[in-house]
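Side-chain atoms are counted along with the backbone in the values below, which use heavy atoms only and exclude waters and symmetry mates.
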There are 2 protein chains.
Amino acid sequence: MTTLFTQSTEPCPMVDFVNLVSGKWAIPILYRLIVVDDAIRFGALQRAVAPITQKELTKQLRAFESIGLVTRAMYPEMPPRVEYQVTELGKTLKPTLDSLAQWMREHREELSAPL
Amino acid sequence: MTTLFTQSTEPCPMVDFVNLVSGKWAIPILYRLIVVDDAIRFGALQRAVAPITQKELTKQLRAFESIGLVTRAMYPEMPPRVEYQVTELGKTLKPTLDSLAQWMREHREELSAPL
DNA sequence: AATAGTAGGTACCAAATAGATACTAAAGAG
DNA sequence: CTCTTTAGTATCTATTTGGTACCTACTATT
(Lines give C-alpha, C1' and ligand atoms only; values in the text may rest on other atoms or scores of the structure.)
Protein backbone atom coordinates (compact mmCIF):
# COMPACT_ATOMS: atom_id res chain seq x y z
CA MET A 1 0.00 0.00 0.00
CA THR A 2 2.93 2.29 0.67
CA THR A 3 4.07 1.59 -2.83
CA LEU A 4 0.72 2.44 -4.32
CA PHE A 5 0.49 5.69 -2.45
CA THR A 6 4.04 6.71 -3.31
CA GLN A 7 3.57 5.99 -6.95
CA SER A 8 0.38 7.94 -7.28
CA THR A 9 1.94 11.08 -5.84
CA GLU A 10 5.35 10.76 -7.45
CA PRO A 11 6.34 14.13 -8.91
CA CYS A 12 6.75 14.06 -12.67
CA PRO A 13 10.41 13.27 -13.39
CA MET A 14 10.29 15.46 -16.46
CA VAL A 15 9.08 18.48 -14.55
CA ASP A 16 11.84 17.87 -12.02
CA PHE A 17 14.34 17.61 -14.82
CA VAL A 18 13.44 20.85 -16.54
CA ASN A 19 13.44 22.64 -13.19
CA LEU A 20 16.91 21.29 -12.51
CA VAL A 21 18.61 21.87 -15.81
CA SER A 22 16.99 24.73 -17.63
CA GLY A 23 18.08 27.39 -20.05
CA LYS A 24 18.92 27.52 -23.71
CA TRP A 25 22.55 26.47 -23.24
CA ALA A 26 22.28 24.01 -20.37
CA ILE A 27 22.15 20.78 -22.36
CA PRO A 28 24.78 21.81 -24.93
CA ILE A 29 27.22 22.82 -22.17
CA LEU A 30 26.66 19.70 -20.13
CA TYR A 31 26.96 17.45 -23.13
CA ARG A 32 30.17 19.10 -24.20
CA LEU A 33 31.67 18.57 -20.75
CA ILE A 34 30.57 14.94 -20.81
CA VAL A 35 32.04 14.33 -24.26
CA VAL A 36 35.31 16.02 -23.34
CA ASP A 37 35.42 13.90 -20.16
CA ASP A 38 38.38 15.84 -18.78
CA ALA A 39 39.14 19.18 -17.20
CA ILE A 40 38.60 22.08 -19.57
CA ARG A 41 39.33 25.75 -19.13
CA PHE A 42 36.59 28.34 -19.13
CA GLY A 43 37.78 29.97 -22.33
CA ALA A 44 38.12 26.71 -24.20
CA LEU A 45 34.62 25.70 -23.15
CA GLN A 46 33.23 29.02 -24.30
CA ARG A 47 34.81 28.58 -27.70
CA ALA A 48 33.43 25.05 -27.89
CA VAL A 49 29.89 26.14 -27.09
CA ALA A 50 30.01 29.30 -29.21
CA PRO A 51 28.42 31.76 -29.45
CA ILE A 52 27.49 31.67 -25.77
CA THR A 53 28.32 34.78 -23.76
CA GLN A 54 30.63 34.78 -20.76
CA LYS A 55 27.80 35.69 -18.47
CA GLU A 56 25.55 32.86 -19.51
CA LEU A 57 28.32 30.29 -19.38
CA THR A 58 29.31 31.38 -15.89
CA LYS A 59 25.75 31.25 -14.70
CA GLN A 60 25.13 27.76 -16.06
CA LEU A 61 28.40 26.39 -14.73
CA ARG A 62 27.63 27.69 -11.25
CA ALA A 63 24.20 26.08 -11.44
CA PHE A 64 25.69 22.75 -12.46
CA GLU A 65 28.27 23.03 -9.72
CA SER A 66 25.61 23.70 -7.11
CA ILE A 67 23.74 20.50 -7.91
CA GLY A 68 26.89 18.42 -8.14
CA LEU A 69 27.07 17.77 -11.85
CA VAL A 70 30.27 19.74 -12.41
CA THR A 71 33.37 20.61 -10.39
CA ARG A 72 35.23 23.89 -10.53
CA ALA A 73 38.97 24.17 -9.85
CA MET A 74 40.53 27.58 -9.54
CA TYR A 75 44.27 28.11 -9.80
CA PRO A 76 45.43 31.39 -8.30
CA GLU A 77 47.75 32.22 -11.17
CA MET A 78 47.97 35.27 -13.30
CA PRO A 79 46.25 35.38 -15.67
CA PRO A 80 43.69 33.27 -13.82
CA ARG A 81 43.02 29.66 -14.72
CA VAL A 82 39.77 27.93 -13.91
CA GLU A 83 38.98 24.41 -14.97
CA TYR A 84 35.66 22.64 -15.11
CA GLN A 85 34.95 18.94 -15.21
CA VAL A 86 31.90 16.68 -15.04
CA THR A 87 31.50 14.70 -11.86
CA GLU A 88 30.81 10.97 -11.73
CA LEU A 89 27.18 11.88 -11.19
CA GLY A 90 27.25 14.02 -14.30
CA LYS A 91 28.72 11.21 -16.32
CA THR A 92 25.75 9.01 -15.56
CA LEU A 93 23.81 11.20 -17.97
CA LYS A 94 26.03 10.21 -20.88
CA PRO A 95 23.92 7.36 -22.30
CA THR A 96 20.78 9.47 -22.17
CA LEU A 97 22.38 12.48 -23.83
CA ASP A 98 24.09 10.28 -26.42
CA SER A 99 20.69 8.93 -27.26
CA LEU A 100 19.24 12.41 -27.56
CA ALA A 101 22.05 13.58 -29.82
CA GLN A 102 21.64 10.51 -31.98
CA TRP A 103 17.90 11.05 -32.27
CA MET A 104 18.45 14.63 -33.35
CA ARG A 105 20.99 13.62 -35.96
CA GLU A 106 18.67 10.98 -37.36
CA HIS A 107 15.64 13.22 -37.58
CA ARG A 108 17.08 16.60 -38.42
CA GLU A 109 15.69 16.72 -41.94
CA GLU A 110 12.28 15.34 -41.06
CA LEU A 111 11.88 17.98 -38.40
CA SER A 112 13.08 21.08 -40.15
CA ALA A 113 11.02 20.38 -43.26
CA PRO A 114 7.44 21.24 -42.20
CA LEU A 115 7.69 25.00 -41.62
CA MET B 1 36.90 14.88 -48.14
CA THR B 2 33.24 15.70 -48.30
CA THR B 3 32.83 13.65 -45.19
CA LEU B 4 35.55 15.51 -43.38
CA PHE B 5 34.11 18.86 -44.29
CA THR B 6 30.60 17.89 -43.37
CA GLN B 7 31.62 16.54 -40.00
CA SER B 8 33.64 19.56 -39.01
CA THR B 9 30.74 21.93 -39.67
CA GLU B 10 27.96 19.74 -38.31
CA PRO B 11 25.69 21.88 -36.17
CA CYS B 12 25.55 20.77 -32.54
CA PRO B 13 22.63 18.34 -32.20
CA MET B 14 21.96 19.62 -28.71
CA VAL B 15 21.65 23.21 -29.86
CA ASP B 16 19.27 22.06 -32.57
CA PHE B 17 17.30 20.14 -30.02
CA VAL B 18 16.82 22.98 -27.57
CA ASN B 19 15.87 25.28 -30.42
CA LEU B 20 13.26 22.78 -31.54
CA VAL B 21 11.67 21.78 -28.29
CA SER B 22 12.00 24.57 -25.77
CA GLY B 23 9.99 25.87 -22.89
CA LYS B 24 9.32 24.81 -19.37
CA TRP B 25 6.52 22.42 -20.27
CA ALA B 26 7.69 21.04 -23.60
CA ILE B 27 9.28 17.82 -22.37
CA PRO B 28 6.60 17.02 -19.79
CA ILE B 29 3.83 17.46 -22.38
CA LEU B 30 5.59 15.45 -25.04
CA TYR B 31 6.42 12.68 -22.63
CA ARG B 32 2.85 12.49 -21.41
CA LEU B 33 1.58 12.17 -24.97
CA ILE B 34 4.13 9.47 -25.65
CA VAL B 35 3.23 7.53 -22.53
CA VAL B 36 -0.49 7.80 -23.25
CA ASP B 37 0.18 6.64 -26.81
CA ASP B 38 -3.39 7.35 -27.88
CA ALA B 39 -5.59 10.32 -28.70
CA ILE B 40 -6.23 12.55 -25.72
CA ARG B 41 -8.49 15.56 -25.38
CA PHE B 42 -7.15 19.00 -24.61
CA GLY B 43 -8.77 19.18 -21.21
CA ALA B 44 -7.56 15.75 -20.14
CA LEU B 45 -4.04 16.61 -21.20
CA GLN B 46 -4.15 19.85 -19.27
CA ARG B 47 -5.23 18.00 -16.14
CA ALA B 48 -2.45 15.47 -16.68
CA VAL B 49 0.23 18.11 -17.00
CA ALA B 50 -1.12 20.35 -14.23
CA PRO B 51 -0.71 23.11 -13.37
CA ILE B 52 -0.02 24.25 -16.92
CA THR B 53 -2.18 27.09 -18.20
CA GLN B 54 -4.42 26.83 -21.25
CA LYS B 55 -2.37 29.34 -23.11
CA GLU B 56 0.93 27.56 -22.67
CA LEU B 57 -0.51 24.16 -23.49
CA THR B 58 -2.06 25.50 -26.67
CA LYS B 59 1.17 27.18 -27.69
CA GLN B 60 3.27 24.09 -27.12
CA LEU B 61 0.83 21.79 -28.89
CA ARG B 62 0.81 24.05 -31.94
CA ALA B 63 4.60 24.08 -31.94
CA PHE B 64 4.74 20.29 -31.77
CA GLU B 65 2.16 20.05 -34.51
CA SER B 66 4.15 22.36 -36.76
CA ILE B 67 7.25 20.18 -36.58
CA GLY B 68 5.34 16.96 -37.00
CA LEU B 69 5.63 15.48 -33.53
CA VAL B 70 1.93 15.69 -32.76
CA THR B 71 -1.33 15.58 -34.69
CA ARG B 72 -4.42 17.59 -33.92
CA ALA B 73 -7.92 16.35 -34.76
CA MET B 74 -10.84 18.71 -34.39
CA TYR B 75 -14.43 17.45 -34.23
CA PRO B 76 -17.01 20.13 -34.95
CA GLU B 77 -19.32 19.05 -32.19
CA MET B 78 -20.81 20.99 -29.41
CA PRO B 79 -19.15 21.33 -26.99
CA PRO B 80 -16.04 21.20 -29.15
CA ARG B 81 -13.75 18.21 -29.02
CA VAL B 82 -10.11 18.36 -30.01
CA GLU B 83 -7.80 15.39 -29.72
CA TYR B 84 -4.04 15.28 -29.77
CA GLN B 85 -1.80 12.32 -30.45
CA VAL B 86 1.91 11.71 -30.95
CA THR B 87 2.97 10.86 -34.46
CA GLU B 88 5.18 7.93 -35.39
CA LEU B 89 8.03 10.41 -35.51
CA GLY B 90 7.20 11.56 -32.01
CA LYS B 91 7.18 7.99 -30.75
CA THR B 92 10.77 7.51 -31.83
CA LEU B 93 11.68 9.74 -28.87
CA LYS B 94 10.27 7.26 -26.40
CA PRO B 95 13.47 5.36 -25.53
CA THR B 96 15.37 8.59 -25.02
CA LEU B 97 12.72 10.14 -22.82
CA ASP B 98 12.26 6.91 -20.88
CA SER B 99 15.97 7.00 -20.19
CA LEU B 100 15.76 10.61 -19.04
CA ALA B 101 12.84 9.89 -16.73
CA GLN B 102 14.66 6.90 -15.30
CA TRP B 103 17.81 8.94 -14.71
CA MET B 104 15.83 11.57 -12.87
CA ARG B 105 14.10 8.99 -10.68
CA GLU B 106 17.41 7.38 -9.81
CA HIS B 107 19.20 10.61 -8.94
CA ARG B 108 16.48 12.74 -7.40
CA GLU B 109 17.88 12.63 -3.89
CA GLU B 110 21.49 13.12 -4.89
CA LEU B 111 20.55 16.20 -6.86
CA SER B 112 18.18 17.95 -4.52
CA ALA B 113 20.51 17.58 -1.54
CA PRO B 114 23.16 20.26 -2.22
CA LEU B 115 20.86 23.28 -1.79
C1' DA C 1 -32.76 33.26 -17.33
C1' DA C 2 -28.44 31.82 -15.26
C1' DT C 3 -24.78 28.58 -15.13
C1' DA C 4 -21.42 25.09 -16.49
C1' DG C 5 -18.43 22.76 -19.80
C1' DT C 6 -15.26 22.86 -24.01
C1' DA C 7 -11.33 24.62 -26.65
C1' DG C 8 -9.67 27.98 -27.58
C1' DG C 9 -8.28 33.62 -28.64
C1' DT C 10 -6.65 38.05 -26.99
C1' DA C 11 -4.82 41.73 -24.12
C1' DC C 12 -2.10 43.01 -20.54
C1' DC C 13 1.48 42.49 -17.16
C1' DA C 14 5.40 40.43 -14.64
C1' DA C 15 9.28 37.67 -14.53
C1' DA C 16 12.85 35.14 -16.41
C1' DT C 17 16.25 34.86 -19.80
C1' DA C 18 19.61 36.47 -22.81
C1' DG C 19 22.75 39.71 -24.99
C1' DA C 20 26.06 43.66 -25.38
C1' DT C 21 29.36 46.35 -23.33
C1' DA C 22 32.58 48.00 -20.13
C1' DC C 23 35.33 47.07 -16.16
C1' DT C 24 38.68 44.48 -12.95
C1' DA C 25 43.35 42.15 -11.44
C1' DA C 26 48.21 40.87 -12.16
C1' DA C 27 51.86 39.42 -14.98
C1' DG C 28 54.50 39.25 -19.29
C1' DA C 29 55.75 41.02 -23.92
C1' DG C 30 57.11 44.59 -26.72
C1' DC D 1 54.17 52.73 -20.79
C1' DT D 2 50.84 50.26 -23.20
C1' DC D 3 48.90 46.01 -24.92
C1' DT D 4 47.45 41.33 -24.13
C1' DT D 5 45.57 37.48 -21.68
C1' DT D 6 41.97 35.20 -18.40
C1' DA D 7 37.90 34.65 -15.86
C1' DG D 8 35.17 36.77 -14.28
C1' DT D 9 31.61 41.01 -12.32
C1' DA D 10 28.54 44.94 -13.08
C1' DT D 11 25.27 47.34 -15.63
C1' DC D 12 21.91 48.10 -18.90
C1' DT D 13 18.71 46.75 -22.29
C1' DA D 14 16.04 43.57 -25.30
C1' DT D 15 13.65 39.46 -26.04
C1' DT D 16 11.20 35.54 -24.59
C1' DT D 17 8.29 33.33 -21.61
C1' DG D 18 4.60 32.56 -18.48
C1' DG D 19 0.47 33.95 -15.91
C1' DT D 20 -4.20 36.24 -15.02
C1' DA D 21 -8.25 37.66 -16.58
C1' DC D 22 -11.71 38.04 -19.80
C1' DC D 23 -13.91 36.93 -24.36
C1' DT D 24 -16.38 33.75 -27.88
C1' DA D 25 -19.89 29.97 -29.46
C1' DC D 26 -23.01 26.43 -28.64
C1' DT D 27 -25.44 23.00 -25.83
C1' DA D 28 -27.34 21.00 -21.75
C1' DT D 29 -28.74 21.49 -17.21
C1' DT D 30 -30.84 23.76 -13.32
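B/Y75 comes within contact range of no nucleotide atom at all, as no heavy-atom separation falls under 4.0 Å.
Look at B/R81 and you won't find any side-chain N or O under 4.0 angstrom from OP1 or OP2 of C/dA7. Proximity of B/R62 to the phosphate of C/dG8: a side-chain N or O atom is located under 4.0 Å from OP1 or OP2. For B/R72 and C/dG8, the shortest distance from a side-chain N or O to OP1 or OP2 is below 4.0 Å.
By the 30° and 60° cut-offs, the orientation of the rings of B/F17 relative to A/W103 is perpendicular.
Set against C/dG19, D/dT6, C/dT6, the side chain of A/E56 has C/dG19 as its closest nucleotide. For A/P79, whose side chain is taken as the heavy atoms from C-beta onward, the closest listed nucleotide among D/dT6, C/dT6, C/dA18 is D/dT6. The side chain of B/P80 sits closest to C/dT6 out of D/dT9, C/dG8, C/dT6. For A/W25, the listed nucleotide lying nearest its side chain is C/dG19; candidates were C/dG19, D/dG18, C/dA18. Listed nucleotides D/dG8, D/dG18, C/dT6 differ in distance to B/K24; the shortest reach to its side chain belongs to D/dG18.
Distance CG/A/L45 to CZ/A/R47: 10.0 Å, rounded to 0.5 Å. To the nearest 0.5 Å, the span separating CD on A/Q60 from CD1 on A/I52 amounts to 6.5 Å.
Across the interface with DNA chain C, nearest-nucleotide mapping of A/M78 and B/A44 shows B/A44 to be the residue nearer the 5′ end. Residue whose closest nucleotide on DNA chain D sits further toward the 5' end, between A/V82 and A/K55: A/V82.
When rounded to the nearest whole Å, the span between CG of B/L45 and P of C/dT6 equals 14 Å.
B/T71 places no side-chain N or O within donor-acceptor distance of the main-chain N or O of B/T87, the cut-off being under 3.5 Å.
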